[in-house]
Amino acid sequence: EKSSLPAAGDDLMDQIGATILHMDLLRLLIERGVQIEESYQLDIGGGTESLSTLERGKDVKRIYCLNPDYAYGHSCHDAFIDHWKKHAPQAKVVGEGWPPLGSTDFTSYITAILAAKPDLVQSSIFGGDAVIFMKQASAYGLLQKVKFVDQDLGIMPFLNNLRKGDPAAPIGVLTATNYPFYLFDDPENVDFYAEVYKRSGWYPDMMGGHPPLYLKFLKAAIEKAGTTTEIEKVIDVFDKRFTVKTLIGEIEMRGCDHQTLVPYWVGILGWDPKGKFPMPILVDEIVKMDNNDELYHSCEEIKQIRATVKG
């Protein structure tokens with residue numbers, strides 16, 4: 001309270017949804033006796049998968065949107081369509097599906113997509129819903145019949161469990177991640193993911209790659225401040241823009257909202273042609289998205305959003 005610092009949940013929202021995380025954090029804090037006068041949530045990043053798809057889909061004319069029916073799904077839908085209207089006005093939405101979160105039967109949505117004959121399907125289905133959807137879509141050969149874009153699949157932990165022949169494997173899907181560890185041969189990164197695999201039997205997904213990134217920023221801020229006990233001096237460092245070498249290269253953090261400007265890698269999921277990694281990874285048409293003006297809201301936009309939400 002003294003430093004006016006916000007309480008924020010970060011990467012968990014990519015797994016369980018921003019709205020669910022926000023509400024449960026509030027509930028937990030209230031149960032612990034914290035008095036909350038107001039709260040709000042922000043979707044900081046831009047539509048990385050839609051930006052990349054624009055460059056690949058100039059011939060797309062028919063789009064079908066399939067998103068979970070709650071705040072996160074609607075936000076992803078709106079952001080995607082906004083980009084398409086600006087950059088590919090020839091495309092039109094020929095259908096929309098809004099399965100409830102936790103759906104177990106996607107048959108009606110899959111048959112509706114096939115009936116609409118879209119050139120491309122945009123989706124933000126994630127987690128357990130994505131596993132079920134992909135298994136059921138496999139029975140219809142959906143991914144072989146239409147281009148499929150899902151911004152969340154590239155960061156999903158369940159990819160670690162998939163092997164060749166698994167019907168849930170989203171092979172051919174265009175997706176994004178900001179920690180494709182398998183693309184970096186930096187010794188520190190190789191040692192990190194090898195140690196994670198040794199200890200857990202899993203390779204690190206996006207959430208596994210973020211803790212060392214944030215710890216590097218904290219370490220750098222403490223070193224710049226020259227103290228571990230004078231918190232205000234450390235905060236002053238964070239309030240200025242600075243850069244740190246991470247497992248995926250030099251990353252910048254801006255001062256206005258302490259947002260790390262992490263690039264995204266967009267590509268097609270497939271099986272590792274070298275056979276080193278057994279699960280689906282980005283293998284084709286990989287593009288690094290590092291235009292921060294497109295990926296992230298500007299400081300001024302963040303200021304306006306906060307003022308609007310609080311107002």
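Along the sequence shown, the residues carry numbers beginning at 1. Computed from a predicted model, the values in this text were never measured in an experiment.
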request  = Among residues two or more places apart or on two chains, list those pairs meeting side-chain hydrogen bond (donor to acceptor under 3.5 Å, both in side chains) that have a residue in residues 104-118.
outcome  =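 Residue pairs with at least one partner in residues 104-118: Asp105-Thr107.
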request  = Check the hydrophobic clustering (I, L, V, M, F, W, Y; side-chain heavy atoms under 4.5 Å; chains of links allowed) and say if Ile155 and Phe277 are grouped together.
outcome  =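 Yes, because Ile155 and Phe277 connect within a single hydrophobic cluster, where side-chain heavy atoms sit under 4.5 Å apart.
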query = Do Trp265 and Phe184 have ring centres separated by under 6.0 Å?
reply =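 They qualify: ring centres under 6.0 Å apart.
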message = Taking the ring centre of each residue, are Tyr179 and Tyr264 less than 6.0 Å apart?
response =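 Ring-ring flag for Tyr179/Tyr264: false, centres at least 6.0 Å apart.
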Those residues that, when tested against [X], pass side-chain contact (heavy atoms from CB on, under 4.5 Å) (two or more places apart):
X	result
Gln144	none
Gln304	Glu300
Arg199	Glu195
Leu215	none

Should [X] and [Y] count as an ion pair when the cut-off is N to O under 4.0 Å?
X	Y	value
Lys245	Asp186	yes
Arg254	Asp257	yes
Glu301	Arg306	no

Who passes side-chain hydrogen bond (donor to acceptor under 3.5 Å, both in side chains) against [X], sequence neighbours left out?
X	answer
Asp69	His74
Thr243	none
Asp239	His258

query = Given Leu269, which of Ile281, Thr175, Val283 fulfils the side chain to side chain contact (heavy atoms under 4.5 Å, CB included) condition?
reply =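 One option only clears the test, and that one is Thr175.
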key: For Lys233, salt bridge (Lys or Arg N to Asp or Glu O under 4.0 Å) partners two or more places apart   =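 Testing Lys233 for salt bridge (Lys or Arg N to Asp or Glu O under 4.0 Å), a comparison that skips the adjacent residues, returns Glu230.
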request  = Supply the members, apart from Trp271, of the Ile/Leu/Val/Met/Phe/Trp/Tyr cluster built from side-chain contacts under 4.5 Å; use none for a lone residue.
outcome  =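 Via sub-4.5 Å side-chain contacts, Trp271 links to Ile171.
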Disulfide (SG to SG under 2.5 Å) contacts touching residues 228-309 (sequence neighbours left out) =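 Disulfide (SG to SG under 2.5 Å) check on residues 228-309 returns Cys256-Cys299.
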ask   = Taking only residues two or more places apart in sequence or in another chain, which ones pass ring-ring contact (aromatic ring centres under 6.0 Å, His included) with Phe192?
value =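 In terms of ring-ring contact (aromatic ring centres under 6.0 Å, His included), with neighbours along the sequence ignored, Phe192 is linked to no residue.
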